[in-house]
A.B. asks: 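Once you've had a glance at the structure underneath, I'll fire off some questions.
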Amino acid sequence: MESIQDKLMKLTQNLWWTWRPEIRALFRDIDPKLYNSVHRNPLRVVGSVDPAFLENRAAEADIVIRTDRALRQLKEYLNPMATWGLIHGEALNARPVAYFCAEFGIHESLPIYSGGLGILAGDHLKGASNLGVPLVGVGLLYHQGYTAQVLDKTFWQHDVIEPYNLEDLPITFAKDADGNLLTVPLELPGRTIYARILEVPVGRVRLILLDSRDPRNSEEDQRLTARLYGGDQHTRIQQELLLGIGGSRALRALGINASVYHLNEGHCSFAILERAMWRVKNDGLDPYFALKESAQATVFTTHTPVDAGHDRFPVNLAAEYLKPLADGLGLPLEEVLGFGRVDPRNSGSPFMPTVLALKHSRRANGVAALHGVVSRRMWQCLWPERAETDVPIGHITNGVHVPTWLAAEIDQLYRIHLGTNWADNIVKPDMWLKIEEIDPAEIWEVKQVLKARMIRFVRGKAKDKADRLEMPQPDLSAFDPDTLTIGFARRFVTYKRPDLLFRDLDRLDRLVNHPTKPLNLIFAGRSHPADNPGKEIIKLVGQMIEDPRFKNRIVFVENYNMNVGRNLYQGIDGWLNCPRRPLEACGTSGMKVVMNGGLHISILDGWWAEAYDGENGFAIGNGEIHANHEIQDQRDYESLFKLLEEVIVPMYYERDSQSGIPTRWIQRMKRSIRTLSWRFNADRMLMDYVRHSYLPAAGASNAQMPPP
Ligand SMILES: *Cc1c(COP(=O)(O)O)cnc(C)c1O
């Protein structure tokens, strides 16, 4: 008979558990303390728990029954009778979509992501899995992971590498029929390096990762995939070559004949050239024809309107690395360099992978309606003969993978009121009408439970930090479920303006310390390790927390990651988002808050510009932009404070004389859930990509195309 340990181990081998709260609870119940100490990684729980203890525990907590049930469900999930993807994505069944991205955020125990882009990619894979859309992810395995944020006494951010072991994750090395490790070669200046191929099952979807730790490589080359976004321009272009070229080769090595390449950000653009090069070498195609064919089967998503977010490789550096590609295509190097230039004839200008992708993809899109507009303006230079509105960049608004981010208690509430299969109908607006029928007291009670849990979480984190720094414990007694609590958690970078609240401290003092209507603020977020201006803002928030006026009202939670995020999204009342419009491409954290019954308080930027209807949350300002940042910041600050003082705080504390609950606030919660949940989720996002991007591109990849 299979031991309980073996069964549990089997359950850990597919990252399906990352979005199954009942399975995460199962592993937690084995040993809650152990569970938290190993970053909530089930594999490590099973690997380190004492077998005798487990046998005892299994009897107490129904572990065996729950494990058997979960295994049965996993088996059913992996062998579906019918899925949306099977029916609507038929053309993709034989040849899947390859989704390329430099980072994937699936769970905090697999630290190969840094922020929004990676978590979106993780949500995309999970969404594809749920709908049964044939798709494989392609990325890099960063073996040192991303850094953890550790703050010192002055709130200065230190970036600490948190190494992890592959054995603690359900990652397997791909092998050939003889059991040898599968590798792919990559030509770099003066040498060829090799990368191993690893695979991770994410539900019904596979994630393929490349790792440069092959003994044939020099030590330096083995460190190529050590860190996400680490190193200099050389590291960067080499990583991008490995992702695009190595990634395409890995697909072929695994026998995956992808129909469509979905490239996310310029980091993976070289895949376009590799695919064409292979057709030239293998099938003797004309290079221009091959490039056109490759482009017709490629869809490109740009994720940022921030100019510095797009790589620019100096000509000499690019020339050195692109030589093998030009040779393989049989084209002059100068011509290939031109693919990455706004004006190909401008031989001095740097090579931009984003430009390469925009010029060589069938369809390009931004990640929200407004971001589409901004991207068309930004890249009109590539189509100078066209009007801005005719620039061929559309948009597909991002969505979040609901089961990953939803509190179990909210799921339960939806089950009762929307039906047990509500998640299957998530994109249907009519289903969400039933939200209005829920008794306000009931939804409020659930929210208060979640808020109390978040506060316990935040207190625990604050205690851990004080203990580590040997500092006195902060007094967080003012953090209670009856006080309006607003959260701000995101990357600390100047354009997101985490300091917008701190322009007038006396006014902030009056707001947060109001005798009857106080306000608590929870901050979290980190800066890129090289972003000192961003780190300065964290320090500034730290100084605010040391100010006696604010020290009981503001708290900063260290090391924002998926776990910290999940806890905050589920419990918070209001979620503050105040980027300098129009620099937030989409933003997704607010979507995670909304479906958990929190209200979004945001500048009309990113997704909020198309989502806000006047009553389903709050808008800061009216979407105005000013060429002068200082004027724009001051104006937005005024709008934010007016909104807080005159609308948000009064509404939260306006209580029904009978029931004591904030009726108008709850009305807004319901409207927010009803009008936003059906749109801003991963199912809708995947359906849009399948219909508008993947199917057309898959058709074209088989079609005969005339030579250019
Ligand atoms: C969702 C999420 C993000 C992205 O959210 P934004 O609104 O784009 O900042 C970043 N980090 C974590 C941990 C997340 O869960």
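Every number for a ligand or one of its atoms is a count from 1 in the order of the listing. For reference, positions follow the sequence shown, starting with 1. What's counted below: heavy atoms across the whole structure, side chains too, no hydrogens, waters or symmetry copies.
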A.B. asks: Starting from atom 7 (O) of ligand 1, locate the nearest protein heavy atom and write down its residue, its atom name and how far away it is, to 0.1 Å.
C.D. replies: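 The answer is S589 OG, 2.6 Å.
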A.B. asks: I need the contact type for N561 against ligand 1. Using non-hydrogen atoms and a strict under-4.0 Å cut-off, is it side chain, backbone, both or neither?
C.D. replies: backbone
A.B. asks: Any ion pair linking R581 and D636 (charged N to carboxylate O, less than 4.0 Å)?
C.D. replies: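 Looking at D636 and R581, the cut-off is not met.
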A.B. asks: For H124 and Y689, take the angle between the two ring planes, folded into 0 to 90°, and tell me which bin it lands in: parallel under 30, tilted 30 to 60, perpendicular over 60.
C.D. replies: perpendicular
A.B. asks: Under 4.0 Å from a heavy atom of G587: which atoms of ligand 1 are those, numbered in the order shown and with their elements?
C.D. replies: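 Result: 7 (O), 8 (O).
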A.B. asks: Checking ring-ring contact (aromatic ring centres under 6.0 Å, His included) between H600 and each of F618, W608, F680, W575, which is the one that passes?
C.D. replies: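 Exactly one pass, corresponding to W608.
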A.B. asks: Would T588 count as being in polar contact with ligand 1, using the rule that some N or O on each side must be under 3.5 angstrom apart?
C.D. replies: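 Yes - when backbone and side-chain N and O of T588 are compared with those of ligand 1, one distance drops under 3.5 Å.
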A.B. asks: If the cut-off is 4.0 Å to any non-hydrogen atom of R490, which atoms of ligand 1 fall inside it?
C.D. replies: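 That gives atoms 7 (O), 9 (O) of ligand 1.
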A.B. asks: Pull out every atom of ligand 1 sitting under 4.0 Å from any heavy atom of I119, numbered as shown with elements.
C.D. replies: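 It comes down to these atoms of ligand 1: 2 (C), 11 (N), 12 (C), 13 (C), 14 (C), 15 (O).
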A.B. asks: A cation-pi test, strictly: NZ or CZ of K126 under 6.0 Å from the centre of the six-membered ring of W19 and no more than 45 degrees from its axis. Yes or no?
C.D. replies: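 No, cation not above the ring by the 6.0 Å, 45° rule.
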A.B. asks: Give me the nearest non-hydrogen protein atom to atom 10 (C) of ligand 1 as residue plus atom name, then the distance to 0.1 Å.
C.D. replies: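 The protein heavy atom lying closest is G116 N, 3.7 Å.
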A.B. asks: How are the rings of F488 and F492 set relative to one another: parallel (under 30°), tilted (30 to 60°) or perpendicular (over 60°)?
C.D. replies: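 F488 vs F492 ring planes: perpendicular.
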A.B. asks: Under 4.0 Å, heavy atoms only, figure out whether ligand 1 is touched by the backbone of W575, its side chain, both or neither.
C.D. replies: neither
A.B. asks: Which atoms of ligand 1 have any heavy atom of Y569 under 4.0 Å away?
C.D. replies: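 It comes down to these atoms of ligand 1: 1 (C), 2 (C), 12 (C), 13 (C), 14 (C), 15 (O).
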A.B. asks: If the threshold is 4.0 Å, N to carboxylate O, is there a salt bridge linking R468 and E558?
C.D. replies: yes
A.B. asks: So, are R236 and E240 salt-bridged, with charged N and O less than 4.0 Å apart?
C.D. replies: yes
A.B. asks: Nearest protein heavy atom to atom 2 (C) of ligand 1, by residue and atom, and its distance?
C.D. replies: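 Nearest neighbour among protein heavy atoms for atom 2 (C) of ligand 1, to 0.1 Å: K592 NZ, 2.5 Å.
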